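First comes the structure, then the notes that go with it.
Both backbone and side-chain heavy atoms feed into the values below; hydrogens, waters and symmetry mates do not. Proteins get letters first, then strands, A, B, ... in listed order; numbering begins at 1 in each. As the structure is a computational prediction, the values presented were derived from the model and not from experiment.
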Number of protein chains: 2
Amino acid sequence: MVNSRFSVAIHILSLIATTSDKSQLTSEYIAGSVNTNPVVVRRMIGVLKKAGLLTSQSGIAGYDLLVEPKDLTLLAIYHAIDGPEQLFAIHDEPNPACTVGRKIQRTLEGVYTSVWHAMEEQLHAQTLQDVLDQLR
Amino acid sequence: MVNSRFSVAIHILSLIATTSDKSQLTSEYIAGSVNTNPVVVRRMIGVLKKAGLLTSQSGIAGYDLLVEPKDLTLLAIYHAIDGPEQLFAIHDEPNPACTVGRKIQRTLEGVYTSVWHAMEEQLHAQTLQDVLDQLR
DNA sequence: CCTGTTGTAACCATTATAGTTACAGGTATA
DNA sequence: TATACCTGTAACTATAATGGTTACAACAGG
């Protein structure tokens with residue numbers, strides 16, 4: 001199982017998208033909703049900021065989305081947090097002297113790539129707005 | 001990224017399917033091809049055996065597949081090794097007092113389930129025989 | 001100035017992973 | 001039977017990832 005950063009990122013973006021009172025929207029408040037530490041939130045927000053999904057100003061509470069929720073696909077969020085594109089690890093240095101060992105890595109890469117593409121399609125088909133609609 | 005057990009399992013099954021000289025097929029030989037420790041191999045084989053994919057006999061070298069490679073889907077292998085069905089972790093106990101926190105878990109579960117189903121389809125569409133064909 | 005905030009670096013506890021040692025017990029053969 | 005080789009499994013360990021935490025510099029606004 002992959003880490004929970006993707007879930008946390010979606011949670012944070014949902015909060016930013018739905019909270020009207022910006023002065024309320026501090027990293028501490030967000031951390032209270034996510035149930036984690038404010039630093040974890042600020043760290044994640046830093047990543048999302050670098051990816052161009054939102055802005056913030058040092059010293060001032062509040063964050064602003066730079067992309068409309070309906071235009072922000074979950075895949076874009078996934079890329080923003082630099083989630084792994086390979087879901088399954090492939091063991092290192094199988095024996096090249098063996099027929100199987102020699103080609104297994106390339107073969108598995110092919111398999112996993114097709115799996116990954118299927119995932120990508122799903123993530124591309126859903127937007128933050130879809131998530132917000134389901135939170136109602 | 002998930003662990004490499006799935007890759008190792010496919011590697012092991014490929015070796016068993018393609019090695020004609022059974023007396024050669026020891027856990028040490030397999031470990032040499034996978035590039036790991038014989039105990040890691042035996043441990044994995046124990047799991048595959050419990051799942052009914054192969055047989056072995058204590059004390060005797062060699063393993064036998066119980067399912068034809070063309071009938072063994074990668075999804076079946078994945079289930080055999082009890083791979084996670086949830087790819088992304090969801091953070092624990094978001095704040096129920098918050099609109100987002102209250103519903104985020106269920107919403108994410110829905111999203112991740114659709115993603116997982118897409119993956120399942122891909123894994124179901126490929127068999128061990130397909131892998132063997134690519135190893136040629 | 002004082003309070004509250006963001007942005008980061010640094011450190012730590014917990015857990016997962018896979019590698020390793022050790023050994024009990026089965027099998028085959030000289 | 002003695003020997004050699006194998007499987008099966010428990011137990012331990014080193015390494016790395018994850019996420020929580022402390023600490024503090026820098027900024028904003030009353």
Side-chain angles (χ1 to χ4, degrees), chain A residues 1-9 11-12 15-16 19 21-51 53-64 81-84 86-94, chain B residues 1-9 11-12 15-16 19 21-51 53-64 81-84 86-94:
Chain A
M1 174 112 64
V2 173
N3 58 46
S4 66
R5 282 179 205 155
F6 189 39
S7 299
V8 171
H11 190 145
I12 291 174
L15 275 173
I16 296 176
T19 306
D21 179 8
K22 272 205 226 165
S23 67
Q24 186 190 20
L25 204 57
T26 65
S27 63
E28 188 161 352
Y29 171 81
I30 295 174
S33 174
V34 173
N35 184 31
T36 183
N37 191 288
V39 177
V40 172
V41 170
R42 294 204 290 270
R43 203 153 40 186
M44 170 58 74
I45 283 179
V47 169
L48 298 174
K49 192 178 176 181
K50 258 186 200 143
L53 299 194
L54 52 80
T55 51
S56 65
Q57 211 175 338
S58 175
I60 307 179
Y63 299 94
D64 281 293
I81 66 168
D82 208 33
Q86 192 87 320
L87 288 175
F88 305 113
I90 298 179
H91 47 292
D92 281 336
E93 298 179 33
Chain B
M1 176 114 60
V2 174
N3 57 47
S4 66
R5 281 178 206 158
F6 189 38
S7 299
V8 171
H11 190 146
I12 291 174
L15 276 173
I16 296 176
T19 304
D21 179 7
K22 272 204 224 166
S23 68
Q24 186 189 22
L25 203 58
T26 65
S27 63
E28 187 161 354
Y29 171 82
I30 296 174
S33 173
V34 173
N35 185 31
T36 182
N37 190 287
V39 177
V40 172
V41 171
R42 294 204 289 272
R43 202 150 44 184
M44 171 60 73
I45 284 179
V47 170
L48 297 174
K49 194 178 176 180
K50 259 186 199 141
L53 300 194
L54 52 80
T55 52
S56 65
Q57 211 174 339
S58 175
I60 308 179
Y63 299 94
D64 281 293
I81 66 168
D82 208 33
Q86 192 85 321
L87 289 174
F88 306 113
I90 298 178
H91 48 292
D92 281 337
E93 298 180 33

Contact under 4.0 Å: [X] side-chain N or O vs [N] OP1/OP2:
{"X": "A:Y63", "N": "C:dT6", "result": "yes"}
{"X": "A:Q57", "N": "C:dT6", "result": "no"}
{"X": "A:S58", "N": "C:dG7", "result": "no"}

Mind calculating the distance between [atom1] ([X]) and [atom2] ([N]) to the nearest angstrom?
{"X": "B:F6", "N": "C:dT17", "atom1": "CZ", "atom2": "P", "value": "15 Å"}
{"X": "B:R42", "N": "C:dT20", "atom1": "CZ", "atom2": "P", "value": "13 Å"}
{"X": "B:R43", "N": "C:dC23", "atom1": "CZ", "atom2": "P", "value": "18 Å"}
{"X": "B:D82", "N": "C:dT17", "atom1": "CG", "atom2": "C1'", "value": "16 Å"}
{"X": "A:I60", "N": "C:dT5", "atom1": "CD1", "atom2": "P", "value": "12 Å"}
{"X": "A:I90", "N": "C:dA18", "atom1": "CD1", "atom2": "C1'", "value": "17 Å"}
{"X": "B:N35", "N": "C:dA18", "atom1": "CG", "atom2": "C1'", "value": "12 Å"}
{"X": "B:K22", "N": "C:dA28", "atom1": "NZ", "atom2": "P", "value": "12 Å"}

Open item on the list: Reading DNA chain D in the 5' to 3' direction, which nucleotide is the first one with an atom under 4.0 Å from a heavy atom of chain B, and which is the last?
Closed with: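 Contact span on the strand: D:dC6 to D:dA11.
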
Contact class for [X] (heavy atom, under 4.0 Å): base, sugar-phosphate, or nothing?
{"X": "B:R5", "value": "sugar-phosphate"}
{"X": "A:K50", "value": "nothing"}
{"X": "A:N37", "value": "base"}

Please round to the nearest 0.5 Å and tell me the distance separating atom [atom1] of [X] and atom [atom2] of [Y].
{"X": "B:F6", "Y": "B:D82", "atom1": "CZ", "atom2": "CG", "value": "13.0 Å"}
{"X": "A:T55", "Y": "A:I45", "atom1": "OG1", "atom2": "CD1", "value": "10.5 Å"}
{"X": "A:R43", "Y": "A:T36", "atom1": "CZ", "atom2": "OG1", "value": "8.5 Å"}
{"X": "A:I16", "Y": "A:Y63", "atom1": "CD1", "atom2": "OH", "value": "7.0 Å"}

Task: Result of checking B:T19, B:D21, B:L25, B:T26 against B:S23 for side chain to side chain contact (heavy atoms under 4.5 Å, CB included) - done: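 Passing option: B:D21.
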
TODO: Select from A:V39 and B:V39 the residue whose nearest nucleotide in DNA chain D is closer to the 5' end of that strand.
DONE: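 First, find each residue's nearest nucleotide; the 5'-ward one identifies B:V39.
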
Open item on the list: Closest-nucleotide mapping onto DNA chain D: is B:G46 or B:E28 further toward the 5' terminus? I mean the 5' end.
Closed with: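 The answer here is B:E28.
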
Open item on the list: Measuring from the side chain of A:A61 (C-beta onward, heavy atoms only), which nucleotide among C:dA28, C:dT5, C:dT20 has the closest atom?
Closed with: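 It is C:dT5.
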
- [ ] Classify the angle between the aromatic ring planes of B:H91 and A:H11 as parallel (below 30°), tilted (30 to 60°) or perpendicular (above 60°).
- [x]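 Plane angle between 30° and 60°, so tilted.
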
TODO: Apply the test side chain to side chain contact (heavy atoms under 4.5 Å, CB included) to residues A:K22 and A:D64: give CA-CA distance (whole Å), side-chain angles for both, the deciding distance (0.1 Å), then the verdict.
DONE: CA-CA 9 Å; A:K22 272 205 226 165; A:D64 281 293; 2.8 Å; yes

